[in-house]
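Lettering of chains follows the sequences in order, A, B, ..., and the numbering in each one begins at 1.
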Amino acid sequence: MHIAEGFLPPAQAAAWTAAAAPFVVHGVHSLTRAVRADPEAKLLLGASGAFCFVLSALKIPSVTGSSSHPTGVGLGAVLFRPPVMAALGTVTLLFQALLLAHGGLTTLGANVFSMAVVGPWVGYAAYRSVRALASRLPEQTSLGAGVFAAAFAASLSTYTVTSLQLALAFPDAAGGVAGAFVKFATVFSITQIPLSVVEGLVTVVIVRLLSTV
Amino acid sequence: MTPATATGTAPVLAVRDLEFGYADAPPVFRGLELEVPTGGVLAVLGPNGGGKTTLLRLLAGSLAPKRGRVLVDGEPVRPGRRGAADLRRRVQLVFQDPDDQLFSASVRQDVSFGPVNQGLDRREAAERVDGALAALGLEGLADRPVHLLSYGQRKRVALAGALAMRPSVLVLDEPTAGLDPMGVEAMLETLDGLRAGGATLVVSTHDVDLAYRWAERVALIDHGLLAEGAARRVLADRDLLSAARLRPAWGPAVERTLRKAGLLAEGEEPPSTPEELAALLR
Amino acid sequence: MTPATATGTAPVLAVRDLEFGYADAPPVFRGLELEVPTGGVLAVLGPNGGGKTTLLRLLAGSLAPKRGRVLVDGEPVRPGRRGAADLRRRVQLVFQDPDDQLFSASVRQDVSFGPVNQGLDRREAAERVDGALAALGLEGLADRPVHLLSYGQRKRVALAGALAMRPSVLVLDEPTAGLDPMGVEAMLETLDGLRAGGATLVVSTHDVDLAYRWAERVALIDHGLLAEGAARRVLADRDLLSAARLRPAWGPAVERTLRKAGLLAEGEEPPSTPEELAALLR
Amino acid sequence: MLTIDAEAYRSPWRTVHPAVKGVLFGGLLVCALALPAWPGAALAGAVALAFGLGPARVPPRKLLRTGLGPLAFIATGAAALLVSVGGPDGPIAWDPQGAARAAELTGRASAAVVCQLLFAFTTPLADLLPRLSRAGLPPALVEVVALIYRMLFVALDTARRVGAAQAGRLGYANRRNRVRSLGALGAALFVRSYDRAARLQRGLECRGYTGALTVLVDDIPLRASALAAAAVPAVLVAAAALTLGAWT
């Protein structure tokens, strides 16, 4: 769920950019450090970024037809760790805005905050906690549960943050920010919740296959 | 071209008045008519970018025509998803690059992808898989990981995956591309085995020599159908070949040489490979 | 094989007593000796998996030999990184798949990588880029994005990137693979232009017909060097070809036919393509 | 292929310096966001469209088709403003000011989307990305971004072909198959992306790669006068909108 160009008031767009900036700067820092240590890292990061973009462009089947969806946020967090995802996710979102018209340039900060910062961190936290809780279960089951939790939680938290961002920008006349949050969360839940489940399942298939190669 | 020749059986696959084009580009085909006779090999020849792969994908339901119809066993394919799924079940396309088709961990798992998607039960799917592996001499590789196989072996596995669907027609995009001479021979032998079993094969290639010696019929494609007919006749026509931006084959020129020199008796088959020519001279 | 023939100039590239193998596998080469004479085309032929690409990578410094040496202009390449970098500068390898070498979205930027990386100044680098693009007839595509080019065009751009390095030797892995007949002709014409300009080309292929008509010398490779010599001589030897798991070419068999039939005068060049044979018959 | 990307390379404005296009469409974008929506955003959108469809010759149908996605988001989001929740008139009620707010938001955001799209439709990323290092971004980052841009087309191509092959074997015939096929596609894509990286590493080493991917970037002359001229439409829109606004 990408916030379109011009949808946020300028002050809020700037505020979200400022909020996302430290995470992105930190991500870029760890990225440039990796590249300096090993020239091969540059090509691996290029391939990873391309992978993230294409994954996000895959059409996930859902009840309401295919929909643009931040696919791969949870998977990326598990595969590349949240700091690197902050950088790769930002590049992906920039390319989505310029090449696919998904999301905007002034709203890039807000979208980065939800999809490249909060989503990966929540997904990664979910993955670690489920793995810790399920450590006694067989490896395949524990991995599957952890990955599903990562993808589902990343997807759902992204959607929650986006709804919150919209609520802060357009508080309800009567219900205020809380009322507006309920409105936006409801409007977008029709597509986003089933998508999160399907994305969780697809991600489990991906990781299962990758762990057998 | 008549819808179905009165003399023979109906063609297993046919396209009528087909139109197709990619976005932002002039149509590749307009009013295309083509029939694939039941049994034997139809080779589709033409330059890169001339529409060979596009035609193959249209025949196999992997692309939807803008206008016109595809007919299987004389019956038009219904438009929409159901029709496309039906067409795909009956016409299987094997891609040029096997890596486009192989995405499972093991050979057996990969070959079972189609049968499982068809909703067959375990036993029946396993039977199909074993049959396809046996037909391609892949039994020994069934449990090997796909990425450890050679290019030629991967090409075979991709073919097995299509065969396991038990299609009426097998459509192969450049089945010999990237193979070395022995690999080409082995692939042709395999396909000959399928042909002998009654299969209908549609094969794209730009190897004119190969089509001349191996296909019964050829279709020359370059943004439309330039010619269609018996391989030996069409591929001996140098004007047609040059119109299709292809180069002449050795076969026809060698045959003329031999006839001129009186080295080939009336009614004797001309040699179709350098080996046969050498044997003739001995 | 003698280190450097007393009569000619020193070979531009040579390997001496070379050993190489991949981990966990028997060695591909052991005690390999090979010389690449200055100027002209040396075709490397052999089956897939026989070591063609490995040899090419060893020649170009993309793999390090376990034992033995590579010599450029008679001088051994020093071991270690510096030596390898030096070898890579003088011997440029063009991979079969252009996407293995093209990293930039813009044709001109991609071709400029080598010269800029060598530390040339802007003006000189731009000159090199323009020269390489012109030599390959790519001037019109300089500002097109790489991802919108055809496979054949991308192959040319990869070649231009190597050419812009002004190497002593160009090593090309299957430069005609995946191209259609006209694409093959165009590529050969381009390479002929480089050959006429004095370039030394090492080209791998499994197209025996192509090597027969186009290369001066050939090396047959199948886990070691089976034979090396003048193309017309080596490729007419059917036992050698069969030892290298290759199939005979049309050329030698056709030549024998013509001589037997008295259709070729003493000292007259035999036809090397079907077109030439047809012209001869007219 | 990606429509916007392919059109950008074909654009007659490709030879214009990216900064000039950035000032033109960016200026109008700022107008759309900062001025009163009526008539500011409407004017900004109309002027941007006039430039885009006029001299920049952006094909209107492709512009519309790519704009449908963000417009759908805008419509859905704005629709939420029509109602109010938890007020005195019950849990859900029409918001009397809702229609005006929704209309304002729709107009503003649509105009902004048009400005963004027109910049993207006239500015190929191959021309834009190498210039980012001059804008102060670390060169290593710019090189990685440029690599991602090149490699994503190779990966997209792979994804399309693998997807078509799966569809041919009924991989997308029902929902269950679809989940399995998409998972297999994602895994194949990941493995192939890493293989691609290793092969490109090998290929670039042969071209002398030791860590830096520096290339020659063509100089497109950037004249101050052109930059100033590109700012004029936005200034005029702002002036017009403020004067009109003062009258009404």
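- Within a 6.0 Å sphere centred on CD of Glu139(B), heavy atoms belonging to other residues, nucleotides or ligands number more than 12.
- Of the atoms belonging to Leu179(C), it is backbone heavy atoms, and not side-chain ones, that fall under 4.5 Å from chain B.
- Atom CZ of Arg232(B) has more than 12 heavy atoms from other residues, nucleotides or ligands within 6.0 Å.
- For Asp207(B), no part sits under 4.5 Å from any heavy atom of chain C, backbone or side chain.
- For Glu185(C), the part lying near chain B is the side chain, with the backbone staying farther off; criterion is any non-hydrogen pair under 4.5 Å.
- Side-chain contact check for Val254(C) versus Trp250(B): some heavy-atom pair is nearer than 4.5 Å.
- Each of Ala177(B), Pro248(B), Ala261(B), Gly152(B) has some count of heavy-atom pairs under 4.5 Å with chain C, and the biggest count is that of Pro248(B).
- The distance from atom CG of Leu280(B) to atom NZ of Lys260(C), rounded to the nearest 0.5 Å, is 7.5 Å.
- In terms of non-hydrogen atom pairs under 4.5 Å with chain C, the most contact-rich of Leu263(B), Thr257(B), Val184(B), Leu246(B) is Thr257(B).
- For Thr205(C), no part lies under 4.5 angstrom from a heavy atom of chain B.
- For Ala249(C) against Pro274(B), the heavy-atom pair with the smallest separation is O-CB, 3.4 Å.
- Between the Asn48(C) side chain and the Gly178(B) main chain, a donor and an acceptor come within less than 3.5 Å of each other.
- Considering all non-hydrogen atoms of both residues, Met182(B) and Arg245(C) come closest at CG-O, 3.5 Å.
- Residue-environment remark: CZ (Arg30(C)) stays at or below the threshold of 12 foreign heavy atoms within 6.0 Å.
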